[in-house]
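I have placed the structure first, in the form of structure tokens, so that the comments after it can refer back to it.
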Amino acid sequence: MTMKRDLHSRRLFVLSIFFAALPFAFGLVRAVRTGYDLRYFWVALASLIGAIATISIGRAHIRTPIAVVTLVAGVFVIATLVAVLAATLIGTIFGMGIIAVASAFAFCFAVGGLLHLLARRPTF
């Protein structure tokens, strides 16, 4: 039973890293295609920092499954807001495009955070 849980946790952990790496992959594709545009990379980094900070603060309060869902929703909101702020600060024109990119990046970090939390503590 312990081996199955350990293997399951490792798979969830690897999957969480995959989801967290997706925004940086999009940033890399954007940089390679344009040859100079690193804005997606900076937006992904800011969103990741927001997600990490939210999970770090909220992790101590997780006792029930609804607390996990609430924390992941908080990660999505904070990561989106931080990404939009970073994009605005580097000169991106505020509009639906940056909101779509920021929310997509935040979604990846929220899913990655959820999988990470489940890998570290599979039963609540």
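Hydrogens, waters and symmetry mates play no part in the numbers below; they use all other heavy atoms, side chains included.
- The backbone N or O of Ala44 sits nowhere less than 3.5 Å from a side-chain atom of Ser47 that would complete a donor-acceptor pair.
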Phe76/Ser103 under side-chain contact (heavy atoms from CB on, under 4.5 Å): CA gap, chis, key distance, verdict
CA-CA 7 Å; Phe76 176 74; Ser103 62; 4.0 Å; yes
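- Residues Ile66 and Ile62 do not share a hydrophobic cluster, defined by chaining ILVMFWY side chains whose heavy atoms lie under 4.5 Å apart.
- In this structure, Ala110 and Val75 approach most closely via the heavy-atom pair CA-CG1, 3.8 Å.
- Residue Phe105 comes nearest to Tyr40 through the heavy atom pair CE2-O, 3.5 Å, listed as atom of the first residue, atom of the second, then distance.
- Separation of atoms CZ (Arg39) and OG1 (Thr92) is listed at 4.5 Å; rounding is to 0.5 Å.
- Under the 4.5 Å side-chain heavy-atom criterion for grouping Ile, Leu, Val, Met, Phe, Trp and Tyr, Ile55 is connected to Leu15 within one hydrophobic cluster.
- Phe18 and Val72 fall within a single hydrophobic cluster, where Ile, Leu, Val, Met, Phe, Trp and Tyr side chains are chained together by heavy-atom contacts under 4.5 Å.
- When hydrophobic clusters are built by joining Ile, Leu, Val, Met, Phe, Trp and Tyr residues whose side-chain heavy atoms come closer than 4.5 Å, directly or via intermediates, Ile90 is grouped together with Leu38.
- Here the CG-CD1 distance, from Leu12 to Ile17, works out to 11.5 Å after rounding to the nearest 0.5 Å.
- In summary, the aromatic rings of Phe19 and Phe109 are positioned with their centroids too far apart to meet the 6.0 Å limit.
- Under a hydrophobic-cluster definition in which Ile, Leu, Val, Met, Phe, Trp and Tyr are linked whenever side-chain heavy atoms come within less than 4.5 Å, directly or via other members, Leu28 and Phe41 are assigned to different clusters.
- A donor-acceptor contact shorter than 3.5 Å is absent between the side chain of Ser16 and the backbone of Leu115.
- When all heavy atoms are compared, the tightest approach of Ile78 to Gly50 is CG2-O, 3.8 Å.
- Taking OG1 of Thr54 as the reference point, atom CG of Leu81 lies at 9.5 Å (rounded to 0.5 Å).
- Considering every non-hydrogen atom in both Val82 and Ala46, the closest pair reads CG1-O, 3.1 Å.
- The local environment of CZ in Phe107 is sparse, with at most 12 non-hydrogen atoms from other residues, nucleotides or ligands closer than 6.0 Å.
- Using a 4.5 Å heavy-atom threshold, the side chains of Val101 and Phe26 count as separate.
- Between the side chain of Thr88 and the backbone N or O of Val84 there is at least one donor-acceptor pair closer than 3.5 Å.
- Within the model, atoms CG of Leu89 and CH2 of Trp42 stand 13.0 Å from one another, a figure rounded to the nearest 0.5 Å.
- The heavy-atom pair separating Leu71 from Gly58 by the smallest distance is CD1-CA, 3.8 Å.
- Closest of all the heavy-atom pairs between Ile93 and Ile98 is O-CG2, 4.2 Å.
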